[in-house]
Amino acid sequence: MNFSMSRRAFAASAALLPIACSKAGKATGDATSEAADQAAAPVPINPLVKQRADPYVLRAEDGWYYMTGSVPEYDRLVLRRSKTVAGLADAEERVLWRHEKTGPMSGFLWAPELHYVDGRWVIYFAAGPSGGGADVFRIRTYAVVCDGQDPMAGKWTVLGELKTPWDSFNLDSTSFHHKGVRYMAWAQREPGIETNSNLYLAPMKDALTPAAKAIRLTVPTLDWEIQQYKVAEGPSVIVRNGKVLMTYSASGTGAVYCMGLLSADADADLMDPHAWTKSQKPVFTTNVATSVYGPGHNSFTVDEKGRDLLVYHGRDYEKIEGDPLLNPDRHARVQRLYFDEKGAPDFGVPVGNGPLPERFISVARPGTYMAHEGSKTVAAKVPLPQTQFRSLDAGDGTVMLSPILLRDHCLVAKPDGSVAIAPIKATGAQPGAEKFRRTDAGGGAVRFATAGEPAKSVAIAPDGLRIDGAKDAASAWKAD
Ligand code: AHR
């Protein structure tokens, strides 16, 4: 978070914040709802939830996906849940707690996270006093706690303030367990360091009390961390392939906002600052081709098949009138998180609006993907974004395969047996040449038969993709 305008100006304009209607009301939790069949879980469509910044999604042990995030008015803590990721989009949202009438939690409420701590549901969030002379950016971290085991039905009350090393601007706390220890990571302004915020880490002895002196993990110094404001915030942690991975967000909250990565060996002493390595380059940034600007403040979850998902916010336009903090269009988004052959995370690019894309690995040539280089289709091992295709409903049970980097384009079966890429609105080929029927190719693989000639399908060729009658591994693709 960063702030530019004077307190007085901000307090005046804050009163103009749009008053959106949240579908507050009775908690969901219709216990009779059937758990979604993992194999047939609906495909999420981005943006997953509009105007929910700093999105936090938790797949809880009760099988529900819980989601919270910052609302444009920053005046309430909300929670929704669904049995599927896609279902979060229109799940009923409950208001758990509203900012107070006066005092240190009567202004902004930012970036809530739901955690189960010592047998209770707790929501950590950042809050500040209301306007009118008080310092609306006197932001500190607090927690509210639920009086029952159903976070959608219980009563939420203030638990207290997170004890941090200094009485200074602090926000974006996230709690995670590692090797039997519960840690808290958060963003804070440290006296003597001229930045908006740095990242800190401490083991915790209870929901609000560190068990040891916090360590400083990173200070924003790299060019991509200090655009407009010097910011390291929004930490989020997963442990994969022997590494503790901590993503964070940097720079101002407009299109320059992006994500960085700290990592440590899973066997290291996480409280040793030298155990952490910082990526010198951002791992997730604005992408003009997919039209997602300022992606960041992520969380991690898994889909119904247990596959890693990256949850984050991003706008679908670049230019912002006024203070980005007051712009409501940081929408919650989700996409697969892949890992490369060395086990390192491959964040790719923010995939953009529409159904989640997939990538298709050749059964005949493992490690080779259905892909494109510019407007040319290839079968190759190329960067992730060139292998991601979203399936767009073409009616009558067929789909168009649209590359995420070439929005409004799709694959087209040409009469000469080649596979081209053309604008969806002007494929120029025979009617139906852009339509493919996804069929079972056996062994968990799929085949894309051409709508015009069902006996033919997209196959791998020595020099790329071709359309032919192959019914063997050459035309079988593993969807991932
Ligand atoms: O969305 C409000 C604040 O702005 C969040 O706490 C921070 O991560 C973001 O930049």
Side-chain angles (χ1 to χ4, degrees), residues 1-5 10 13-14 17-18 20 47 49-57 67-78 99 105 107-114 123-128 136-143 162 164 168-175 184-189 195-200 218 220 224-237 246-260 282 284-286 293-300 311-315 320 322-333:
M1 189 348 258
N2 43 74
F3 37 93
S4 54
M5 60 174 64
F10 186 88
S13 57
L17 277 173
V49 181
K50 288 204 166 187
Q51 298 198 349
R52 289 295 179 266
D54 320 314
Y56 178 81
V57 175
M67 179 185 152
T68 186
S70 296
V71 299
E73 303 81 3
Y74 300 132
D75 62 353
R76 61 192 187 280
L77 302 179
V78 297
H99 64 184
M105 292 185 271
F108 291 138
L109 302 183
W110 287 344
E113 289 199 0
L114 175 68
I123 287 196
Y124 292 104
F125 62 98
V136 294
F137 292 108
R138 195 184 179 287
I139 298 286
R140 301 294 184 272
T141 297
Y142 301 91
L162 178 68
T164 66
S168 66
F169 178 78
N170 67 85
L171 68 165
D172 294 357
S173 297
T174 191
S175 170
M184 186 75 90
W186 70 93
Q188 186 157 12
R189 188 183 184 99
T195 58
N196 270 48
S197 56
N198 317 309
L199 291 188
Y200 298 87
T218 183
W224 52 271
E225 296 178 307
I226 59 174
Q227 295 304 304
Q228 293 171 2
Y229 296 91
K230 298 178 179 178
V231 168
E233 64 183 20
S236 188
V237 175
M246 183 186 292
T247 48
Y248 65 97
S249 295
S251 284
T253 44
V256 292
Y257 202 61
C258 60
M259 282 169 44
F284 204 56
T285 62
T286 282
Y293 297 89
H297 201 128
N298 79 287
S299 56
F300 295 104
V311 182
Y312 60 96
H313 72 226
R315 295 184 180 88
I320 296 167
D323 187 325
L325 184 68
L326 291 173
N327 174 286
D329 291 333
R330 291 178 292 172
H331 304 316
R333 299 170 182 275

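Any value given below was found using the heavy atoms of this structure, including those in side chains, with hydrogens, waters and symmetry copies removed. All ligand and atom numbering here is 1-based and tracks the order in the structure.
- Heavy-atom proximity to R330, at under 4.0 Å, picks out these atoms of ligand 1: 1 (O), 2 (C), 4 (O), 9 (C).
- Close contacts of ligand 1 with H297, meaning ligand atoms under 4.0 Å from a residue heavy atom, involve 7 (C), 8 (O).
- The proximity of Y257 to ligand 1, defined as any non-hydrogen pair under 4.0 Å, is limited to the side chain.
- Ring geometry for W110 versus F137: interplanar angle of 30 to 60°, hence tilted.
- No hydrogens or angles considered: a donor-acceptor pair under 3.5 Å links the side chains of Y200 and N198.
- Less than 4.0 angstrom separates some heavy atom of D54 from each of these atoms of ligand 1: 1 (O), 2 (C), 5 (C), 8 (O), 9 (C).
- In terms of heavy atoms, F125 sits closest to P112 at CB-CA, 4.0 Å.
- In summary, the atoms of ligand 1 found under 4.0 Å from a heavy atom of L171, numbered by their order in the structure, are 6 (O).
- Between the side chains of E113 and S173, not a single donor N or O lies within less than 3.5 Å of an accepting N or O.
- Heavy-atom contacts of A111 reach the following atoms of ligand 1: 6 (O) (cutoff under 4.0 Å).
- By the side-chain contact (heavy atoms from CB on, under 4.5 Å) test, A332 is found to be paired with V49, R52, P55, M67, residues two or more places apart in sequence or in another chain being considered.
- The atoms of ligand 1 that sit less than 4.0 Å from any heavy atom of D172 are 5 (C), 6 (O), 7 (C), 8 (O).
- Qualifying side-chain contact (heavy atoms from CB on, under 4.5 Å) partners for V256, counting only residues two or more places apart in sequence or in other chains: Q227, Q228, S251.
- Those atoms of ligand 1 with a heavy atom of T253 less than 4.0 angstrom away are 10 (O).
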